[in-house]
Amino acid sequence: MRRRAEAYLWLLFSGGGVVAALLLPVLVLLFGVLMPVGVLDWPSAARLTALLDPVAVRAAVVAAVALCLFHAAHRIRHTAEELFGLARFDPVIAVVCYGAALGGSVIAAGVLW
Amino acid sequence: MTEESIRLEVARYRPGQDEEPVLVPYEVPLRPDWAVLDGLAYVKDRLDGTLSFRWSCRMGICGSCGMTVNGEPRLTCGTFLTEYGTGPVRVEPLKGFPVIRDLVVDIEDFLAKLSSVRPWLVREGEEPPLTTEYAQTPAQLDAYKQYSMCVNCMLCYSACPVYVLDPDFLGPAAIALAQRYNLDSRDMDDRFDVLGHEDAVWGCTFVGECTNACPKHVDPAEAIQRYKLTAALRSVLPWSRR
Amino acid sequence: MTGAYVPRRDRLWFTRSRRYALFVLRELTSVFVAWAVAYLLLMIAALAGGGYDGFVALARQPWMIAVNGVALAATGFHALTFLNLAPKATVVRLDGWRVPAWMIQGGNHSAWLLVSAILAYVVLRSP
């Protein structure tokens with residue numbers, strides 16, 4: 001059971017790693033840096049809303065959010081245990097990390113629908 | 001003419017005498033063709049016969065002389081004193097293992113891990129005569145050859161923070177050895193019961209230091225990542241389960 | 001084993017070599033991956049709730065720009081390292097010839113550039 005779970009978690013981690021690598025740097029560059037400092041203009045709210053309107057786009061956004069969050073949860077779980085020597089608390093840390101990822105994904109779905 | 005010398009700082013641990021390892025300095029000749037192991041042999045022959053360390057072949061094949069040299073896991077027979085300029089050169093036992101004496105570490109746990117992966121050709125459902133040959137093409141040999149170059153020197157374990165923090169981790173060399181057989185066309189096992197475990201491949205966080213430390217270019221990190229993919233697909237796809 | 005010396009856990013192991021430190025930095029990029037997702041979700045929520053101007057004002061705060069600057073570096077580092085390590089798990093053989101790692105990495109980085117360019121175009125093009 002446990003080993004089956006680890007396999008799925010690793011696949012989520014890997015898929016999320018690829019999605020995060022392909023999507024996040026450019027989005028952070030645009031919305032987090034270039035638009036706020038004024039190099040680029042912010043798109044209008046109506047335009048962004050229209051972009052996010054198709055059901056397929058919203059589903060893709062929720063899937064991308066879930067994958068990225070599971071990627072982060074998996075790494076944070078292992079890094080916390082390696083940095084602070086918390087391996088014996090793994091069951092608790094795992095539940096907290098993956099629980100947070102699941103919660104974030106549910107929030108994303110709620111926001112988009 | 002006085003010969004140039006270099007200082008070795010050698011970790012000494014004498015059970016019953018030392019609470020923990022202490023660094024003891026020794027001056028040894030600095031010769032261009034001398035490896036750290038030659039320096040240690042000089043100490044043992046000329047300066048202090050009680051120094052204990054493992055060595056055998058002096059040519060990077062036996063895997064006995066792995067030690068921590070200036071903080072890095074190295075085969076001391078292939079690490080030359082001239083690499084360290086004017087010194088000093090700190091020689092300590094391999095990190096991550098209990099120290100029996102001086103530079104000699106306890107390898108029992110490592111040996112048990114190696115044998116736990118069934119490191120032999122597993123065949124099913126046949127009793128062929130002893131003279132049977134199993135021919136392989138060069139491509140079939142290539143599929144696993146890299147992983148068969150391991151000399152069991154344990155440098156990869158010493159370099160691996162996951163193993164050093166948690167000795168239950170199966171570790172790089174044992175997983176690479178398992179892959180050496182898994183990828184062999186003559187083998188019929190996939191060792192999933194041993195490898196697809198949270199203390200085996202799923203314990204690895206891909207630090208990659210095992211591969212950097214390996215003196216034989218086995219690339220254990222690659223072996224582990226490849227098995228993660230194998231194990232994940234086997235767990236997820238029902239038809240790939242045996 | 002009687003009398004064997006078992007070293008204590010080294011709490012500062014990740015400071016012992018530059019490569020260990022880089023590994024830990026690589027793993028810690030995940031915190032900013034989570035942050036970037038949270039930030040973008042905040043924007044989407046603001047769009048849905050009609051608070052877009054408030055979000056823009058928040059995004060223009062100097063401390064927020066600083067955080068996102070770090071997040072940009074972290075997600076960029078994540079992308080570089082993650083795409084570089086991918087060929088380790090996937091050994092591609094074509095007719096017995098093993099596709100070298102640099103080709104797979106080159107393909108990954110090309111895909112990264114392409115996806116980034118498409119996303120930027122979709123976001124920025126005038127309607």
Side-chain angles (χ1 to χ4, degrees), chain A residues 13-14 16-38 40-52 58 61 64-69 71-80 82-85 100-101 104-105 107-108 110-113, chain C residues 9 11 13-14 24 26-41 43-50 52-53 56 58-61 64-65 67-69 71-72 74-76 78-83 85-86 89 108 111-112 114-120 122-124 126-127:
Chain A
F13 158 78
S14 304
V18 174
V19 171
L22 296 181
L23 302 183
L24 289 183
V26 67
L27 292 176
V28 174
L29 176 68
L30 292 176
F31 290 106
V33 177
L34 293 183
M35 289 171 190
V37 300
L40 295 173
D41 291 331
W42 288 90
S44 70
R47 178 154 152 60
L48 285 180
T49 310
L51 264 183
L52 290 170
R58 281 184 278 166
V61 170
V65 164
L67 282 171
C68 289
L69 288 181
H71 167 84
H74 192 72
R75 268 196 166 162
I76 290 171
R77 166 191 167 204
H78 283 291
T79 309
E82 281 165 358
L83 282 187
F84 308 116
S105 313
I107 291 174
V111 164
L112 281 154
W113 265 280
Chain C
R9 186 189 139 73
R11 288 179 187 283
W13 63 269
F14 47 90
V24 170
R26 184 192 89 193
E27 299 295 288
L28 288 179
T29 60
S30 56
V31 175
F32 288 95
V33 166
W35 160 255
V37 169
Y39 176 80
L40 293 169
L41 268 181
M43 182 175 77
I44 295 176
L47 281 171
Y52 187 56
D53 293 337
V56 168
L58 176 67
R60 283 185 177 144
Q61 298 281 331
M64 184 61 100
I65 294 176
V67 170
N68 279 326
L72 175 63
T75 50
H78 160 74
L80 267 179
T81 51
F82 204 86
L83 298 176
L85 290 178
N108 286 345
W112 179 25
L114 185 71
V115 170
S116 299
I118 293 173
L119 266 180
V122 168
V123 168
L124 295 175
S126 343

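A, B, ... follow the sequence lines: proteins, then strands. Residue 1 opens every chain.
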Quick one, C/Asn68 and A/Pro36 - any side-chain contact, counting heavy atoms below 4.5 Å?
no

Is there a side-chain contact (heavy atoms from CB on, under 4.5 Å) between A/Val28 and C/Phe32? Walk through the geometry before answering.
CA-CA 10 Å; A/Val28 174; C/Phe32 288 95; over 6 Å; no

With A/Val26 as partner, the option from C/Leu119, C/Leu72, C/Ile118 fulfilling side-chain contact (heavy atoms from CB on, under 4.5 Å) is C/Leu119

Show your reasoning for whether side-chain contact (heavy atoms from CB on, under 4.5 Å) applies to C/Trp13 and A/Glu82.
CA-CA 10 Å; C/Trp13 63 269; A/Glu82 281 165 358; 4.1 Å; yes

With a 4.5 angstrom heavy-atom cut-off, is it the side chain or the backbone of A/Val61 that approaches chain C, or both, or neither?
side chain

Checking heavy atoms, do the side chain of C/Leu40, its backbone, both or neither come under 4.5 Å from chain A?
side chain

Does any heavy atom of chain C fall under 4.5 Å from the side chain of A/Leu51, the backbone, both, or neither of them?
side chain

Name the member of C/Thr81, C/Ile65, C/Asp53 that forms the most heavy-atom pairs with chain A at distances under 4.5 Å.
C/Ile65

Side-chain heavy atoms of A/Leu48 within contact of C/Tyr52, under 4.5 Å:
yes

Tell me, side chain or backbone of C/Trp35 under 4.5 Å from chain A's heavy atoms, or both, or neither?
neither

If you count heavy-atom pairs under 4.5 Å with chain C, which of A/Ile76, A/Ile107, A/Leu112 comes out on top?
A/Ile76

Which bit of C/Thr29 comes within less than 4.5 Å of chain A, counting heavy atoms only: side chain, backbone, both or neither?
side chain

State, to 0.1 Å, how close A/Arg47 and C/Leu124 come at their nearest heavy-atom pair, and which atoms those are.
NH2-N, 4.4 Å

Proximity breakdown for A/Leu23 and chain C, heavy-atom pairs closer than 4.5 Å
both

Write down the atom of C/Arg9, the atom of A/Leu83, and the distance for their closest heavy-atom approach.
NH2-O, 3.6 Å

Kindly give the heavy-atom pair with the smallest separation between A/Leu22 and C/Ser116, and that separation in Å.
O-OG, 3.9 Å

Quick check for you: among C/Glu27, C/Met64, C/Arg11, C/Arg60, which has the greatest number of heavy-atom pairs under 4.5 Å with chain A?
C/Glu27

Where on C/Val122 is there a heavy atom nearer than 4.5 Å to chain A: the side chain, the backbone, both, or neither?
both

Region of A/Leu29 in contact with chain C, defined by heavy-atom distances below 4.5 Å:
both

In terms of heavy-atom contacts, A/Ala20 and C/His78 come closest through CB-NE2, 3.7 Å

Closest approach of A/Ala21 and C/Trp112, non-hydrogen atoms and distance?
O-NE1, 3.1 Å

Between C/Leu28, C/Leu58, C/Val56, C/Val115, who has the most heavy-atom pairs with chain A when the cutoff is under 4.5 Å?
C/Val56

Given side chains that start at C-beta, do those of A/Leu27 and C/Met43 come closer than 4.5 Å, heavy atoms only?
no

Show the nearest heavy-atom pair for residues A/Gly104 and C/Leu41, with the distance to one decimal.
O-CD1, 4.2 Å

Quick check on C/Ala120 against chain A: is it the side chain, the backbone, both or neither that has a heavy atom closer than 4.5 Å?
both

Heavy-atom proximity to chain A below 4.5 Å, by part of C/Leu83
side chain

